[in-house]
Student: 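Shown below is the structure under consideration.
Just so we're on the same page: letters track the sequence lines, and every chain starts at 1.
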There are 2 protein chains.
Amino acid sequence: MSEVQLKEALDSLKDTGVRITPQRHAILEYLINSMSHPTADDIYKALESKFPNMSVATVYNNLRVFREVGLVKELTYGDSSARFDFVTTNHYHVICQTCGKIVDFDYPALDEVEHFAAQVTGFNVSHHRMEIYGDCSECAKKESH
Amino acid sequence: MSEVQLKEALDSLKDTGVRITPQRHAILEYLINSMSHPTADDIYKALESKFPNMSVATVYNNLRVFREVGLVKELTYGDSSARFDFVTTNHYHVICQTCGKIVDFDYPALDEVEHFAAQVTGFNVSHHRMEIYGDCSECAKKESH
DNA sequence: TCTTAGATTGTAATATTTATAAATAGTGTA
DNA sequence: TACACTATTTATAAATATTACAATCTAAGA
């Protein structure tokens, strides 16, 4: 499953003329397998043992490359650092305001909203983002004590 | 119109026991009248002539206070710095990816999405955010040349 | 294998935001 | 109005995230 995703991602890099370096391979692999939404620093720390000489700049550079190619989405929430999400299907995120946990959830794309906005504002709409905030069940339980 | 908003905002501060300082007055006034979505630095620069001694920390402190009271919303987009929006009615933003312009647009709240997410994830949902990205008519025109 | 454009590294620089302590000033009360 | 109390402001330093840059290295095609 995830191997297919990785292969597709690498193919997509090759198609765009982006070189496949061991670092890029590892970053992509980590993003796909982590099932989470790591920060650049998370990725850097996770790959430290494998690549003791890797620079933080490499992580940032490659995340930008991946974003430009469309393999990765950059998420900016309230907290200080950006998070990165490997793009699979269109899904949304539910974020716990207490512990920061992020849960994916599928939902049919809100195309009507985009159309409506395009009409009202005259924009050439390309995409939208939506997140839902609240407390996860564990945190909600703790708070009620 | 905006004077009413300002008065209501100041009353709301008084009710919460938050002191009304000249700096707070000016920051609120600026947020209400600017009709834009300034960064902390924008506000700082705009009030520099009026308050030559004001510290950047004051701007940040007060924006946090306003956010906690619910007068102001903090918006984090892709770019480096957070933007602040005086809360009036529930509205969404359409953001131009080329020039950065932000246009408000009204839309009935997406309550169904919140309910759906609550059911699927077990979260205690409090709110959501949504933005639409694209190119504004001017930028779209320029690009087609 | 050789070449070369692109990638990585290491470091410095920039930018944003927060922390801290001393000085100042708003607000209720007498 | 004057006083006292405490929140707020200021100035500065520190923390954190991200980008810029130049030198070195390497992936990939010829």
Student: May I ask you to say whether Glu138(B) pairs ionically with Lys101(B), meaning some side-chain N is under 4.0 Å from a carboxylate O?
Tutor: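 Between Lys101(B) and Glu138(B) there is a salt bridge, with a charged N closer than 4.0 Å to a carboxylate O.
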Student: Taking only nitrogen or oxygen atoms into account, show me every contact under 3.5 Å that the protein makes with nucleotides 9-15 of chain C, one pair per line with its distance.
Tutor:
| residue | atom | partner | partner atom | Å |
| --- | --- | --- | --- | --- |
| dT9(C) | OP1 | Gln23(A) | NE2 | 3.1 |
| dT9(C) | OP2 | Ser55(A) | N | 3.1 |
| dT9(C) | OP2 | Thr58(A) | OG1 | 2.6 |
| dT9(C) | O5' | Asn53(A) | O | 3.1 |
| dG10(C) | OP2 | Asn53(A) | O | 2.7 |
| dG10(C) | N7 | Ser55(A) | OG | 3.1 |

Student: May I have the distance from Asn62(B) (atom CG) to dT9(D) (atom C1'), rounded to whole angstrom?
Tutor: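 Rounding to the nearest Å, CG of Asn62(B) and C1' of dT9(D) are 9 Å apart.
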Student: Asp42(A) has an atom CG; how far is it from atom P of dT16(D), in whole Å?
Tutor: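 Rounded to whole Å, this separation is 14 Å.
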Student: Taking atom P of dT8(C) as reference, at what distance in whole Å does atom OH of Tyr44(A) sit?
Tutor: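 Rounding to the nearest Å, OH of Tyr44(A) and P of dT8(C) are 14 Å apart.
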Student: What N/O pairs connect the protein and nucleotides 28-30 of chain D at under 3.5 Å? Give each pair on its own line.
Tutor:
| residue | atom | partner | partner atom | Å |
| --- | --- | --- | --- | --- |
| dA28(D) | OP1 | Ile20(A) | N | 3.1 |

Student: Round to a whole Å and report the spacing from CG of Leu47(B) to C1' of dT9(D).
Tutor: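 Computing the Leu47(B):CG to dT9(D):C1' distance gives 14 Å.
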Student: Classify the ring geometry between Phe116(B) and Phe105(A) as parallel (under 30°), tilted (30 to 60°) or perpendicular (over 60°).
Tutor: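 Tilted, since the angle between the ring planes falls between 30° and 60°.
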Student: Parallel, tilted or perpendicular: which one describes the rings of Tyr92(A) and Tyr107(A), with boundaries at 30° and 60°?
Tutor: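 Answer is perpendicular, since the angle exceeds 60°.
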Student: Between Asp85(B) and His93(B), is the side-chain hydrogen bond (donor to acceptor under 3.5 Å, both in side chains) condition met? List the steps.
Tutor: CA-CA 10 Å; Asp85(B) 188 23; His93(B) 295 125; 3.2 Å; yes
Student: Are Arg129(A) and Glu131(A) ion-paired here, with the side-chain N under 4.0 Å from a carboxylate O?
Tutor: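 Yes.
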Student: Please, which pairs that meet ring pair (Phe, Tyr, Trp, His ring centres under 6.0 Å) have at least one residue in residues 42-75 of chain B, sequence neighbours excluded?
Tutor: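 Passing the test, one end in residues 42-75 of chain B: no pairs.
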Student: NZ of Lys50(A) versus P of dT8(C): gap in Å, rounded?
Tutor: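 Checked: the NZ to P distance equals 15 Å.
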Student: Could you state the atom-to-atom distance from NE2 of His25(B) to C1' of dT8(D) in whole Å?
Tutor: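 These atoms are roughly 17 Å apart.
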Student: Please state how far atom CG in Asp41(A) lies from atom P in dA15(D), giving the value in whole angstrom units.
Tutor: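 Computing the Asp41(A):CG to dA15(D):P distance gives 16 Å.
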Student: Are Tyr60(B) and dT18(C) close enough that a side-chain N or O sits under 4.0 Å from OP1 or OP2?
Tutor: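 Answer is no, no contact under 4.0 Å.
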Student: Indicate the atoms forming the closest heavy-atom contact of Val69(A) with Val18(A), along with that distance.
Tutor: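 Distance-wise, the nearest heavy atoms are CG2-CG2, 4.3 Å.
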Student: If I take atom CZ in residue Arg67(B) and atom P in nucleotide dT17(C), what distance separates them, rounded to the nearest angstrom?
Tutor: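 That distance rounds to 11 Å.
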Student: Can you tell me if the side-chain N/O atoms of Arg24(A) get under 4.0 Å from OP1 or OP2 in dT8(C)?
Tutor: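 Yes, within the criterion.
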Student: Please check if any side-chain donor atom of Asp15(A) sits under 3.5 Å from a side-chain acceptor atom of Ser12(A), or the reverse.
Tutor: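 Absent: no donor and acceptor within the cut-off.
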Student: Testing the basics here: between Ala40(B) and Val59(B), what is the closest heavy-atom pair and its distance to 0.1 Å?
Tutor: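 So the minimum-distance heavy-atom pair works out to O-CG1, 3.6 Å.
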